[in-house]
Structures are given as structure tokens and as C-alpha cells.
A.B. asks: 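What follows is a structure written as C-alpha cells; I'll ask about it next.
First listed ligand is number 1; within each ligand, the first listed atom is number 1.
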Amino acid sequence: MLALTVHPGKPNSINLENVPPPPASDGEVLVRTIALGLCGTDREIIAGDYGTAPAGEERLIIGHESLGRVETAPEGSGLRPGDLVVGIVRRPDPVPCPACAAGEWDMCRNGRYTERGIKARNGYGSEQFRIEPEFAVKLDPSLNTLGVLMEPTSVVAKAWEQCLRIGNRGAAWRPRAALITGAGPIGLLAAMIGVQHGLDVHVYDHNKGGVKPGLTRDLGATYHTEFPDLQRLNPDIVLECTGAAPVVQQTIGGAAAAGIVCLAGVSASGHDVSFDIGGFNQAMVLENQTVFGSVNANHRHYAAAAAALARADRAWLSRLITRRVPLSRWSEAFERRDDDIKVVLDFAGGLESAAH
Ligand code: BGC
């Protein structure tokens, strides 16, 4: 079968090649891939900056934003041939740590977790993949190809859950306004969930043209091309989705009293900036502010993501997928285009014409 592979650590080694069928050790459920979403993490892996091959191997099959149809599943697994599924990305560490043992692998305490397509486990970027039934999430069939948005939505659903859990340590805390930095797929899905929570949502992105302003407005949120005045906006929640060091710097300590800044984008290291640690300390202590990081997702977050996608406008979700590239032209999918939001590789053919 065809699979997208890299040699982790070696820049631009990505290749579409023939590999053996997925091994039984990957799980009892056999899935035929429909689509694969691509993200910044894939680009980092392709650049050789991130990612690890499975133990004893040099090659990693990439891809963690999956969508596929079950071909075979064991009796009693709750899955049947034809079911639309996505694969959970992370697997618990082998110890397992207390968090992983409790099904919260997204909060792993010892860093020995693995991730499909990223860290020491082959991913979903192959014509077929195998998965353990408990790590395959069944989708509402009406989502159709939009199900490929499930994994990024799960990451955002976790970030929102964590913000609300932190905020609710104050008995009378009621969030009013949220600022989302970055109008990529993560930022826009975060804005979508913020609007679903009934918040006054503001999105900051430096892009003046393209589809981002319209997508933001069509959610009922406000689009800013200049970094907003945080004193005036007074956001209860800031979801930082760019990972860009100057933007991160502008957000931290900038929430309302008892407000929360969630860092959900990953920065490259080595960005030294001058930072007023005293001012930051005052905001944290004297205003009960919180800055925290959030990554990955567990079952609870996939369920929340499924609910958020079910409530969303299908036409709006479909506009997030700005390019659907057939597998035969896979290298085009990794080209950077100005107007890209989510680029999806079409493994099955016909995504373009699929009804949403
Ligand atoms: C994925 C997460 C993963 C993270 C770190 C993200 O792109 O969506 O599932 O945990 O990268 O590897």
C-alpha cells in the first residue's frame, strides 16, 4: 500500500512509497483511509525538526489527522464495516503514569507517551491503517468528509475545557469575552467553540485579505488585523494559537482579572525577547491570572469535539478546508499557499464532489 513516509531528523525526506500492509500489532480494526488533514506539526516533522520513528526503525509513516472507513472490526468492538472513524493520536506511556492509567494520556506525566504519525508510532498517512477499537472514534455519518476536522477540533475542545475548569475555581467567574490569536484551523475552530459557549469572540490575525476575515465574521465574531488593546477588550480567556513569540509575549499577563491565557500554539525555541517579569508577576498574583499550556486530547475531548462539530454550520466547516489534494499530487499539499486554512489529502478520490 502507499504511505507518506519520512526519515525523522532528516530534512525533506518525505516520500510516497509502497510499504507492507499495516501490521496486526497496530490493532484489530482495519480502516481504509479517506482523507488526511495536514498541519504545522507535519511540516515540522518534514523539516526534520520534530518526530521520532518507531523503535528499531528509521522510517515513520506520518499523518495524525485521520478519517477513514472501517473495513473489518472484531465482534463486540462496537464498530462495523462501513463505520466512519478517526484515530486518536496519543497512546499511554508503558508504565503507565497515573494520568495515562486514568485515560488522560494527554496529561502524561513522564513524557513516555507515543503519538501516531509523530512520536515512535506510525501514523494514519497510508491507504489503510490498523487501530485498537478503543482508540477509534466513531463519527456521525452525516459529517461525511468534514470528519477530517475532528482531530484539530479535539485539541481545541481540550483547551476550552481546561480554560473553563481553571476559571471555575472562582465561584462567580462568568467569562464574557475571548480573544483568539491566529485564524488558522486551530484559531478558527477555537473561535467556533467560543461562539458556541455564547462568548463575545475576537480573532486577531495579521492577514488582511483572503478567507479568514469572512470566516470569522460569519461565526459572529470580530476580526482584528492589529493586535487589540487588551485593556479595552478585557478578555476573560485568551487562546493563543499562533505560537509566534511576539504574539505570545503580547498575550501573557494580558487577560482580565481572574482571566486565563491558554498557550495552544508551539513556538520555535531560541526567541530571546525582553520581558517584564515584574509586571507579569503582578498580573498573575494581584489579579489571580493564569497562563497555562494545553496539548493533545483524550476521549472526553473527542466527544466534546464531536458535539461541537455536530452543532456547527456544515457549509462554514467546509470552507475551512481550502484545498483537497489527490494523493497522486501529494507534494502540492505541502506547498504553502497564502489562502490556505486546512489542506486535506484525498486518499479515496472524490472528496471534491463529496456531499457534506
Ligand atoms: C497534534 C497533537 C499532538 C501535538 C504534539 C499536534 O499537532 O494535534 O495531537 O499531541 O501535535 O505532538
A.B. asks: What atoms of ligand 1 come within less than 4.0 Å of a heavy atom belonging to Val155?
C.D. replies: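 Close to Val155: 8 (O).
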A.B. asks: Counting non-hydrogen protein atoms only, what is the nearest one to atom 4 (C) of ligand 1? Give residue, atom name and distance.
C.D. replies: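 Looking only at protein heavy atoms, the one closest to atom 4 (C) of ligand 1 is Val295 CG2, 3.9 Å.
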A.B. asks: Can you list the atoms of ligand 1 that are under 4.0 Å from a heavy atom of Cys39?
C.D. replies: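 That gives atoms 7 (O) of ligand 1.
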A.B. asks: Please classify the His64 to ligand 1 contact at 4.0 Å (heavy-atom distances, strictly less than): side chain, backbone, both or neither.
C.D. replies: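 The answer is the side chain of His64.
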A.B. asks: Please state which protein non-hydrogen atom is closest to atom 3 (C) of ligand 1 and give its distance, to 0.1 Å?
C.D. replies: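 The answer is Glu115 OE2, 3.3 Å.
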A.B. asks: Are Glu161 and Lys158 close enough for a salt bridge, meaning some N to O gap below 4.0 Å?
C.D. replies: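 The answer is no: the pair does not qualify as a salt bridge.
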A.B. asks: Under a 4.0 Å N-O cut-off, is there an ion pair linking Asp218 with Arg319?
C.D. replies: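 Yes.
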A.B. asks: Closer than 3.5 angstrom, by distance alone: can the side chain of Glu57 be matched with the main-chain N or O of Asn122 as a donor-acceptor pair?
C.D. replies: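 Pair absent, no side-chain N/O of Glu57 close to backbone of Asn122.
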A.B. asks: So, are Glu58 and Lys10 salt-bridged, with charged N and O less than 4.0 Å apart?
C.D. replies: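 Not counted as a salt bridge, because no side-chain N and carboxylate O are separated by less than 4.0 Å.
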A.B. asks: When you look for heavy atoms under 4.0 Å from ligand 1, do you find them on the side chain of Glu151, its backbone, both, or neither?
C.D. replies: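 Contact part for Glu151 vs ligand 1: side chain (C-beta onward).
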A.B. asks: Looking at Lys212 and Asp205, is there a salt bridge between them, counting it only when a charged N and a carboxylate O are closer than 4.0 Å?
C.D. replies: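 Yes, Asp205 and Lys212 are salt-bridged.
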A.B. asks: Considering heavy atoms of the protein only, find what lies nearest to atom 11 (O) of ligand 1 and give residue, atom and distance to 0.1 Å.
C.D. replies: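 Looking at atom 11 (O) of ligand 1, the protein heavy atom closest to it is Thr41 OG1, 3.4 Å.
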A.B. asks: Looking at Arg323 and Asp340, is any side-chain nitrogen of the basic one under 4.0 Å from a carboxylate oxygen of the acidic one?
C.D. replies: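 So Asp340 pairs with Arg323 through a salt bridge.
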A.B. asks: Could you list which atoms of ligand 1 come closer than 4.0 Å to a heavy atom of Arg90?
C.D. replies: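 Those qualifying, in numeric order: 10 (O).
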A.B. asks: Around atom 5 (C) of ligand 1, find the nearest protein heavy atom and jot down its residue, atom name and distance.
C.D. replies: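 Ranked first by proximity to atom 5 (C) of ligand 1 is Tyr50 OH, 3.3 Å.
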A.B. asks: Between Glu335 and Arg337, is there a side-chain N and carboxylate O pair less than 4.0 Å apart?
C.D. replies: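 Salt bridge between Glu335 and Arg337, a charged N being under 4.0 Å from a carboxylate O: yes.
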